Amino acid sequence: MKRMPLVIAVLTATILSLAAAAAPTAVLVDTSRSIPPAQFDAAKGLVAEALPSLLARGPVALYAFNDEAVQVVGFTQDLGALAEGLRNLRPGGRYTLLHDCVFTAVQAIQAKGSEGVVLLISDGRDENSAVTLEDGASRAAEAHVALVAVGVGAAEERTLRRMAALTGGRYAGRIQDLTARDLGVSFEAAAASLVPVKVPEPPPPPRPAPEEERPAPKAAADPRLFWFVVLAAAVGLLVLAAIAAAVFLLLRRTSPPPERVCDQCGRELKMWESECPDCLASKLAITKPGDETQSPAAPSVPEIDPALLQKAPSSEMLDHTLVLDEVPVLVLRRGNNPPRAFQIPSGQVVSVGRDKINTISVADQTLSGQHFRIVPKEGAFYLVDLKSTNGTYLNGERVTLKELKPDGVIHAGQCDFTFRLEQRRLN
């Protein structure tokens, strides 16, 4: 009976040490359609085989992500619930919110108040996430969460290695080259790299100064002086604002257009007149045969439009006149590839992106599926960004909606599109 308190103390210490050693794990599975079905099933099998060893470290949560990041099973140590959630995972969606899912899982681990590990199974691609790779990595480093990455499909291994390195984790390799034992080795190495969060100790309270060394209390400042300074500063700012407004208005004022008069008769010329009608009519007066001088002009000449004095085009001139039409064209320049020109259909909306459903499809992974559109309206063209991941830039400025002028350069991903209006002859 005397040994019972000792046994209870030992059991209590063991339970407390196990609870302190428990660390949560978040398993993130890429369920987008970019993962081949065979490798998707292999990934589910690998996670199912690794679940018992993960549960030995602490609670496990299961996440899936395609068009959105979803917590399929919350943090639990129920192997049956996790296995059932894993079996129900199916590919779907149109996008891949990889960065959003990593950020959400790290937040959930941080809320549990301890360091943890994120097991990510993905091809490393991201589309339409609200946060960036650096956002998720910095949040993971702050929360002492390491990331272990497994590549599936056409994996972007450089991206997966970078995510693991920024969080102090490991890149385990491709799914076809891995076993549950290899995954366990990478997982334990990442967990061992975690550093427990140290709470800084509060500084010691300052020692009181000896009675004789204490400085004499300062006299309270006069509040009237404070408000006087505030009022003077406000008045000064108002005066400066009035001076700036006056200077601005003076600079914006434009002088009236200079008065235009005829050099010969001094008559004021109208805005559309390039030559005085009176003097022009005098020059056109008819002369008699054999006279050397021009007959005097009529005493009163009405104002006439100079356009009436021009000859109508002859039929021969009309036959040789070229009628031109402007055709909108996009010229694509991408890297060292030769430029390509695309004629934009007149009066139609043109969409540009990586998917083949676009009017102009470009095989560039830095472009979003549907990146931007060119919309004709009332004789003008407008550039519209389709909420692309990397943004759309017009002449170096990131835009959402802006009028597109000739020779404007659209930068999207690694592509430059020059908008031109080419002329063609109409038969």
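Worth saying up front: this structure is predicted, and the values here are computed from it rather than measured.
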Salt bridge or not for Glu134 and Arg162, using N-O below 4.0 Å?
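A salt bridge is present here (some side-chain N lies under 4.0 Å from a carboxylate O).
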Salt bridge check, Arg354 against Glu127: does any charged N sit closer than 4.0 Å to a carboxylate O?
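A salt bridge is present here (some side-chain N lies under 4.0 Å from a carboxylate O).
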For residues [X] and [Y], is any side-chain donor paired with an opposing acceptor at under 3.5 Å?
| X | Y | value |
| --- | --- | --- |
| Ser388 | His371 | yes |
| Tyr63 | Gln71 | yes |
| Asn66 | Thr31 | yes |
| Thr366 | Asp364 | yes |
| Ser32 | Asp30 | yes |
| Arg139 | Gln110 | yes |
| Asp126 | Ser129 | yes |

Minimum heavy-atom separation for [X] to [Y], with atom names?
| X | Y | value |
| --- | --- | --- |
| Gly151 | Leu160 | CA-CD1, 3.7 Å |
| Leu367 | Cys415 | CD1-SG, 4.2 Å |
| Glu403 | Leu394 | O-CD2, 3.8 Å |
| Ala105 | Leu28 | CB-CD1, 3.8 Å |
| Val150 | Ala172 | CG2-CB, 4.1 Å |
| Ala164 | Tyr171 | CB-N, 3.9 Å |

Just wondering, do [Y] and [X] contact through their side chains at under 4.5 Å, heavy atoms?
| X | Y | answer |
| --- | --- | --- |
| Arg334 | Asp416 | no |
| Ile344 | Val329 | no |
| Ser122 | Leu98 | yes |
| Gln370 | Asn358 | yes |
| Leu404 | Ile410 | yes |
| Leu383 | Tyr393 | no |
| Gln39 | Gln176 | yes |
| Asp385 | Val399 | no |

Quick one: [atom1] on [X] to [atom2] on [Y], what's the gap to the nearest 0.5 Å?
| X | Y | atom1 | atom2 | result |
| --- | --- | --- | --- | --- |
| Thr159 | Arg125 | OG1 | CZ | 10.0 Å |
| Tyr95 | Ser368 | OH | OG | 8.0 Å |
| Leu97 | Phe65 | CG | CZ | 9.0 Å |
| Arg373 | Leu401 | CZ | CG | 12.5 Å |
| Leu166 | Ser138 | CG | OG | 9.0 Å |
| Thr104 | His99 | OG1 | NE2 | 12.5 Å |

Could you list the residues that satisfy ring pair (Phe, Tyr, Trp, His ring centres under 6.0 Å) with Phe40, not counting sequence neighbours?
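Listed in chain order: nothing, the list is empty.
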Kindly check if the number of other-residue, nucleotide or ligand heavy atoms within 6.0 Å of [atom1] ([X]) is above 12?
| X | atom1 | answer |
| --- | --- | --- |
| Lys44 | NZ | yes |
| Arg94 | CZ | no |
| Arg333 | CZ | yes |

Please lay out, stage by stage, how Ile374 and Val349 fare under the test side chain to side chain contact (heavy atoms under 4.5 Å, CB included).
CA-CA 6 Å; Ile374 297 177; Val349 176; over 6 Å; no
Decide yes or no on side chain to side chain contact (heavy atoms under 4.5 Å, CB included) for Met163 and Val102, but give the supporting numbers first.
CA-CA 10 Å; Met163 294 178 70; Val102 172; 3.9 Å; yes
Derivation and outcome, side chain to side chain contact (heavy atoms under 4.5 Å, CB included), residues Val60 and Gln77:
CA-CA 6 Å; Val60 177; Gln77 290 192 300; over 6 Å; no
For the pair [X] (side chain) and [Y] (backbone), establish whether a donor and an acceptor sit closer than 3.5 Å, ignoring hydrogens and angles.
| X | Y | value |
| --- | --- | --- |
| Asn88 | Glu84 | yes |
| Arg340 | Asn337 | no |
| His411 | Gly413 | yes |

Tell me which one of Thr167, Ile109, Val27 satisfies side-chain contact (heavy atoms from CB on, under 4.5 Å) with Val118.
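The side-chain contact (heavy atoms from CB on, under 4.5 Å) with Val118 is passed solely by Ile109 among Thr167, Ile109, Val27.
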Exactly one of Asp67, Thr96, Asp100, Thr389 should register a side-chain contact (heavy atoms from CB on, under 4.5 Å) with Asn128. Which one does?
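The option that passes is Thr389.
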Verify whether the ring centers belonging to Phe372 and Phe417 lie closer than 6.0 Å.
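Ring centres of Phe417 and Phe372 closer than 6.0 Å.
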Before giving the answer on side chain to side chain contact (heavy atoms under 4.5 Å, CB included), spell out for Leu82 and Thr76 the whole-Å C-alpha distance, their side-chain angles and the decisive distance to 0.1 Å.
CA-CA 8 Å; Leu82 291 168; Thr76 181; 4.0 Å; yes
